[in-house]
Each structure stands twice: as structure tokens, then as C-alpha cells.
Amino acid sequence: MDPQLTSIIVPTEELGQIEECLGRLVEDTGSDYALLLDKSGQVISSKGDGDRQDITALGALIAGVFASSREVAKLLRERDFRASFQQGVRENIFIALIEEQWILCIIFNKGTHIGLVKVLTKKATDELASVLERVRQQHKARDEVLGSSFRTSMEDTIDLLFRD
Amino acid sequence: MALINVAAREIHCKIVYYGPGMGGKTTNLQYIHSQVPKDVKGDLLSIATETERTLFFDFLPLDLGKVRGFQTRFHLYTVPGQVLYERTRVAVLNGADGVVFVADSSKQKMQENVNSLRELAQNVTRQNKRFAEFPIVLQYNKRDLPAEVIASVQTMDHFLGVNRMNWPRIEAVATTGAGVFETLRAISRAVISKL
Ligand SMILES: Nc1nc2c(ncn2[C@@H]2O[C@H](COP(=O)(O)OP(=O)(O)O)[C@@H](O)[C@H]2O)c(=O)[nH]1
Ligand SMILES: [Mg+2]
């Protein structure tokens with residue numbers, strides 16, 4: 001099967017490492033929020049104060065912004081924008097790409113210096129890149145993870161919820 | 001590709017509504033948003049110009065609840081249809097698990113449909129995905145158009161190469177909701193079959 005069409009499976013152990021990495025990044029930079037997305041905009045993990053209600057929309061928008069800036073890069077014949085920075089009055093956002101696959105996003109306020117965010121984000125992306133590599137290398141069968149009856153249950157749910 | 005988070009027991013799938021401008025993509029999402037139960041839907045997010053045309057995308061998260069212990073989420077997106085926004089479409093298509101191609105049934109729009117589908121094929125291939133294996137459902141929208149301007153289903157099949165590709169094809173009137181959920185069920189099933 002086409003590798004690009006198969007699902008990415010993030011196992012428990014790797015998720016633990018991701019959470020730890022994000023937690024450390026938030027703490028060490030004094031940021032408000034760190035967010036790991038896959039390139040389609042799905043939130044893999046997030047760390048920070050408070051429970052953000054808007055996190056799903058945030059993920060979709062940030063991935064959209066990042067994908068757009070990559071298209072801009074192509075038009076400029078720039079190989080890629082590895083990172084981008086958006087400066088607000090209260091909040092700033094720093095976004096970095098991990099191996100063309102994941103997006104790391106840090107939200108921080110005036111109290112945090114961008115230089116520190118850049119340095120520690122670089123460290124974190126290296127760490128996350130090796131976690132990602134392990135995620136990629138594991139070839140667990142879908143059925144082992146989801147159970148063989150998952151698909152049938154899923155179809156029943158779809159029929160139940162998606163109707164006029 | 002879908003994302004399966006084993007620890008959090010979550011599954012995410014991304015579905016993109018693609019097609020020529022003014023074909024009814026946004027209307028599809030608006031109808032779905034108006035009909036699904038409150039606990040299933042998130043807010044419909046639209047990034048549009050002042051004149052209501054989609055500028056970047058529309059986004060509707062759907063939470064299907066727990067399926068065999070996995071919290072399952074479908075994220076629906078639309079792309080802006082106008083030719084001008086080709087690169088934006090590439091951006092939104094990134095990481096999609098499946099596409100609903102919303103074709104406009106107006107005779108006048110047949111060439112635009114064909115061009116848009118061709119562009120979709122190109123963009124999917126550029127993401128290193130095999131177009132022939134990629135989950136796609138065709139929706140022939142605006143079946144309520146008057147007889148003198150509407151293209152027959154056979155004509156559309158012919159132009160869009162449905163028979164050759166073996167895609168599910170559904171007739172719809174997105175403004176009244178006819179065929180909208182049938183389309184969503186079809187693409188969901190196609191995506192699930194690839195999980
Ligand atoms: N007659 C008719 N008009 C439709 C139908 N679906 C959408 N429209 C109209 O077509 C226009 C464009 O729809 P929109 O959803 O914004 O198209 P998009 O550019 O593909 O997102 C709007 O004025 C809709 O009301 C349909 O099934 N029949
Ligand atoms: Mg639209």
C-alpha cells in the first residue's frame with residue numbers, strides 16, 4: 001500500500017516523550033503554550049496553562065499558515081522556511097517545522113525573549129525529530145492497534161451520525 | 001494520512017471538499033453544521049473575503065465520540081475555488097485522507113470542473129500519493145438547476161472520467177441538503193477503509 005496513505009500511529013511511549021519535551025520547553029522558556037501538530041493540522045499533543053477550548057481550530061489555522069508560507073517559499077525559490085515568527089501586541093507565536101512532517105508551535109508573551117525561544121525550540125525539534133523517526137519505524141499492524149472490528153463499528157457510527 | 005494516537009486513544013482524519021469556485025463546497029459544510037447534533041460538531045470556522053467568498057478555507061471539526069475505545073474526529077475543510085488561489089489549495093490539501101470533489105452541474109461549468117479535477121490529480125500526486133488509490137467521492141451538485149442549463153449525469157460522468165476511476169458519485173442539492181450526508185457517509189467510509 002502507498003506509504004503516504006497509511007496512518008501515522010503514535011504509541012504510548014513516544015507520546016510520553018513528546019509531552020515531556022513540550023512540558024520542558026514551556027517551562028524553560030516561560031511560554032504560555034506549546035503545541036505539536038502533524039502537517040495536516042491535527043493536534044498530537046499540547047502543553048501549557050489552562051484548557052484551551054479553541055485548540056482544534058488553532059491547529060487547523062497554524063498548519064494552514066505554515067503550509068501557505070511553504071508555498072511562498074517555493075515561489076521565491078527559497079528551499080524552505082524552516083521557521084516563522086508572528087509578533088503580536090500581547091502574544092507572539094513561533095512555529096518550526098520538524099522533518100517535513102510535524103509542526104511545533106510555541107505561544108509566548110512579552111516576558112519571554114524570542115532568542116531563548118529560538119534556541120530552545122531548536123533543541124526541542126532535534127529531540128522530537130528522533131521521536132518522530134521512531135514513530136515512523138514502527139510497523140504495527142492497524143488491526144493490532146484498532147482491533148479487527150473497529151472498521152465495522154466505525155461504519156455503524158458514521159451511518160448513525162451522518163444522516164438527515 | 002490519518003493520525004492514530006494510541007496513548008490518548010484518538011483518531012483524526014482530514015477530509016477536504018475540492019472543486020471549482022461557486023460549486024457549493026461551503027454550502028455543504030454549512031448544511032452539515034446545521035444538521036449534526038450539538039455534541040458532535042465544533043464551530044464552523046470560515047476565512048472569507050468581505051464578499052463571502054472563501055479566501056483560505058472553511059473548517060468544521062466533527063467529533064464522532066468513542067468508537068471501540070477510540071475518540072474519533074473528522075476534520076472537514078473546503079478550499080477556495082477561484083483559479084487565483086491554486087497555491088492555497090495545495091496548502092489546505094496537505095495531509096488530507098480523502099477528498100469530496102464538488103462538481104457544478106451547470107453546463108457552462110463543465111470545463112471548470114474538468115480543469116479543477118485535473119489540478120486535484122496533480123496536487124495529490126505532488127504529495128507523493130497515488131491518485132488512483134486516493135479516496136475520492138464525486139458530488140454532482142446543483143441538480144435543481146433548470147433543464148436548459150443543467151448537464152446530464154451521463155455527460156458529467158463522461159467529462160470527469162467517473163467510470164474509468166470507479167469513484168462513488170452522488171447527486172446533490174447542497175442548498176436543501178439533498179445528497180449532502182450521503183456524500184459525507186461515502187467519503188467517510190472510503191477514508192476508513194484505508195485506515
Ligand atoms: N441552485 C443551487 N445553488 C447552489 C447549490 N449549492 C450551492 N448553491 C449556491 O451557489 C453559490 C456558491 O456556493 P458556495 O457554497 O459558496 O460555493 P463554493 O465556492 O464552492 O464554496 C451560493 O450562492 C449557493 O447558494 C445547489 O445545490 N443549487
Ligand atoms: Mg467556499
Side-chain angles (χ1 to χ4, degrees), chain A residues 1-16 18-19 37-45 53-54 56-57 59-61 63-72 74-75 101 140 142-143 145-164, chain B residues 1-8 10-14 32 35-37 40 42-43 45 47 56-57 59 61-70 72-75 77 87-88 90-97 127-130 133-135 177-178 180-182 184-185 188-189 192-195:
Chain A
M1 198 194 258
D2 187 338
Q4 287 286 333
L5 284 182
T6 55
S7 316
I8 280 220
I9 300 179
V10 185
T12 310
E13 195 187 333
E14 275 72 16
L15 189 74
I18 290 167
E19 283 176 347
L37 313 168
D38 89 332
K39 66 175 176 182
S40 70
Q42 328 268 21
V43 178
I44 296 170
S45 178
Q53 295 294 311
D54 52 0
T56 307
L61 285 169
V65 167
F66 205 81
S68 299
S69 80
R70 293 179 72 192
E71 292 306 314
V72 171
K74 274 185 207 154
L75 293 181
Q101 189 80 65
K140 248 192 197 145
R142 307 295 148 242
D143 284 353
V145 175
L146 295 178
S148 51
S149 52
F150 177 80
R151 213 162 277 159
T152 336
S153 301
M154 193 65 217
E155 285 177 353
D156 293 343
T157 307
I158 287 165
D159 290 344
L160 185 74
L161 293 178
F162 297 164
R163 57 172 186 192
D164 305 74
Chain B
M1 71 298 291
L3 180 76
I4 303 175
N5 197 326
V6 178
E10 286 178 356
I11 298 181
H12 299 269
C13 301
K14 176 172 180 174
I32 293 166
Q35 295 295 311
V36 290
V40 172
D43 290 334
L45 178 76
I47 306 182
F56 197 173
F57 56 70
F59 171 66
L62 298 175
D63 190 339
L64 280 65
K66 280 214 168 78
V67 179
R68 297 263 154 190
F70 278 86
T72 307
R73 299 206 167 89
F74 280 26
H75 289 178
Y77 290 75
R87 307 317 292 171
T88 314
V90 173
V92 177
L93 205 56
N94 216 329
D97 296 303
Q127 288 187 28
N128 299 319
K129 293 175 181 170
R130 288 190 205 114
E133 288 177 31
F134 190 72
V180 168
F181 277 103
E182 194 185 340
L184 181 57
R185 283 197 299 272
S188 303
R189 281 168 172 274
I192 292 302
S193 74
K194 298 274 181 183
L195 270 183

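Protein chains get the first letters and strands the later ones, always in sequence-line order, with residue 1 at the start of each.
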Notebook entry, point to check: Do any N or O atoms from the side chain of B/Lys194 and from the backbone of B/Phe134 form a donor-acceptor pair under 3.5 angstrom?
Noted result: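 Checking the backbone N and O of B/Phe134 against the side chain of B/Lys194, no donor-acceptor pair under 3.5 Å is found.
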Note to self: With a 3.5 Å distance limit and no angle check, can you tell me whether B/Gln127 reaches the backbone of B/Leu93 through a side-chain donor-acceptor pair?
What the structure shows: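 Yes; judged by distance alone, with no hydrogens or angles, the pair exists.
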Margin query: Give me the atom names and distance for the closest heavy-atom approach of B/Lys129 to B/Ala96.
Written below: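 Shortest heavy-atom separation between B/Lys129 and B/Ala96 comes out as NZ-O, 2.9 Å.
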Item checked: Check: A/Arg163 and B/Arg185 side chains under 4.5 Å, non-hydrogen atoms ->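 A side-chain contact exists here, since the closest heavy-atom pair is under 4.5 Å.
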Item checked: pair B/Leu3-A/Val10: side-chain heavy atoms closer than 4.5 Å ->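 The answer is yes; the side chains approach within 4.5 Å.
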Contact part of [X] toward chain B, heavy-atom cut-off under 4.5 Å: side chain, backbone, both or neither?
| X | value |
| --- | --- |
| A/Thr157 | side chain |
| A/Ser45 | neither |
| A/Leu15 | side chain |
| A/Leu160 | neither |
| A/Asp159 | both |

Next item on the list: Would you please classify the geometry between the B/Tyr77 ring and the B/Phe59 ring as parallel, tilted or perpendicular, with 30° and 60° separating the classes?
Entry: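 Geometry flag for B/Tyr77 against B/Phe59: tilted rings.
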Portion of [X] that has a non-hydrogen atom of chain A nearer than 4.5 angstrom:
| X | value |
| --- | --- |
| B/Leu62 | side chain |
| B/Ser188 | both |
| B/Ile192 | both |

Notebook entry, point to check: When you look at CG of A/Asp156, are more than 12 heavy atoms from neighbouring residues, nucleotides or ligands closer to it than 6.0 Å?
Noted result: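 Counting other residues, nucleotides and ligands, CG of A/Asp156 exceeds 12 neighbours.
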Notebook entry, point to check: Among B/Arg73, B/Glu182, B/Glu10, B/His75, which residue forms the greatest number of heavy-atom pairs with chain A at distances under 4.5 Å?
Noted result: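 Going by pairs under 4.5 Å, I would pick B/His75.
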Notebook entry, point to check: Most heavy-atom pairs under 4.5 angstrom with chain A, which of B/Val90, B/Ile11, B/Val180, B/Leu64?
Noted result: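 Greatest number of close heavy-atom pairs with chain A: B/Leu64.
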